[in-house]
Amino acid sequence: MPSVMTMSHPQSYEILLVPSFAEDATADDAERDAAESDAAEPDAAEPDDVEPGGAIRSAVVSATGETGASGYPRYSGEGIVADIDTETHTVEALLVDGAELSYSLSARIRERDAEAGSDADR
């Protein structure tokens, strides 16, 4: 009897909502400050040295077994519904408390390793 291969997807992810403007504004400010100053200050922060803002919300989402409208597996939990491309670890569609994500926010995911109980940033 031939066996049927099924693709195994992670059963849960942690979704982190982070302000996308924090990273952009910091880089723009650093570039403007550098252009305005004649001499670089010895301890001036470069855009790569600046820590982006932390997550303003996070939620653990679990696989629903459904495929979302985007064609990717659907995950849901804690007021968040997401379609996640499990190969590239990209959030393809996202609803937060039933509404689309604001343009000033971006979503990052962290795969949850159920066996080890640890998280891996993506």
Side-chain angles (χ1 to χ4, degrees):
M1 176 172 191
S3 66
V4 176
M5 282 188 91
T6 60
M7 182 173 255
S8 174
H9 299 295
Q11 291 303 300
S12 66
Y13 285 99
E14 181 177 16
I15 294 185
L16 307 168
L17 301 180
V18 296
S20 58
F21 62 85
E23 204 168 285
D24 296 339
T26 304
D28 292 343
D29 290 345
E31 289 171 9
R32 183 178 58 250
D33 291 346
E36 290 175 356
S37 97
D38 292 316
E41 297 174 19
D43 53 348
E46 294 295 320
D48 293 338
D49 297 335
V50 179
E51 292 278 329
I56 61 170
R57 182 170 172 179
S58 67
V60 175
V61 294
S62 299
T64 64
E66 300 172 355
T67 299
S70 65
Y72 293 98
R74 176 151 293 165
Y75 292 78
S76 178
E78 299 180 42
I80 293 182
V81 177
D83 296 356
I84 299 175
D85 180 344
T86 56
E87 288 186 29
T88 63
H89 301 283
T90 303
V91 177
E92 296 294 338
L94 183 72
L95 293 176
V96 179
D97 297 329
E100 292 184 4
L101 189 64
S102 167
Y103 285 113
S104 63
L105 298 174
S106 63
R108 303 216 173 125
I109 63 171
R110 190 181 313 191
E111 186 175 336
R112 299 190 42 96
D113 183 359
E115 292 177 12
S118 65
D119 299 330
D121 284 328
R122 300 286 177 188

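Scope of the values below: all heavy atoms of this structure, side chains included, with no hydrogens, waters or symmetry mates. Note that the coordinates shown come from a computational prediction; the quantities given were computed from them, not determined experimentally.
Here the shortest heavy-atom pairing between G54 and P19 reads O-CD, 3.4 Å. A pairwise comparison of heavy atoms in A82 and I15 identifies CB-CD1, 3.5 Å as the closest pair.
Using a 4.5 Å cut-off on side-chain heavy atoms (C-beta onward), L94 and L17 make contact.
For P73, the side-chain contact (heavy atoms from CB on, under 4.5 Å) criterion is met by H9, Y75, T86, not counting sequence neighbours. Not a single side chain to side chain donor-acceptor pair (under 3.5 Å) links S76 to another residue, sequence neighbours left out. Scanning for side chain to side chain donor-acceptor pair (under 3.5 Å) contacts around T67 gives an empty result, with sequence neighbours left out.
Listed by first then second residue, pairs satisfying salt bridge (Lys or Arg N to Asp or Glu O under 4.0 Å) with a partner in residues 58-83 read R74-D83, not counting sequence neighbours. Every pair passing side-chain hydrogen bond (donor to acceptor under 3.5 Å, both in side chains) that includes a residue from residues 91-101 is listed here, sequence neighbours excluded: R57-D97.
In terms of hydrophobic clustering, with Ile, Leu, Val, Met, Phe, Trp and Tyr side chains grouped at heavy-atom distances under 4.5 Å, L95 and V91 are assigned to different clusters. Residues Y13 and L105 share a single hydrophobic cluster, defined by chaining ILVMFWY side chains whose heavy atoms lie under 4.5 Å apart.
Interatomic distance, OG1 of T88 versus CD1 of I109, reported as 8.0 Å (0.5 Å rounding). The line from OG of S20 to CZ of R108 is 9.0 Å long, rounded to the nearest 0.5 Å. The distance from the CD1 atom of I56 to the OG atom of S102 is 8.5 Å, given to the nearest 0.5 Å.
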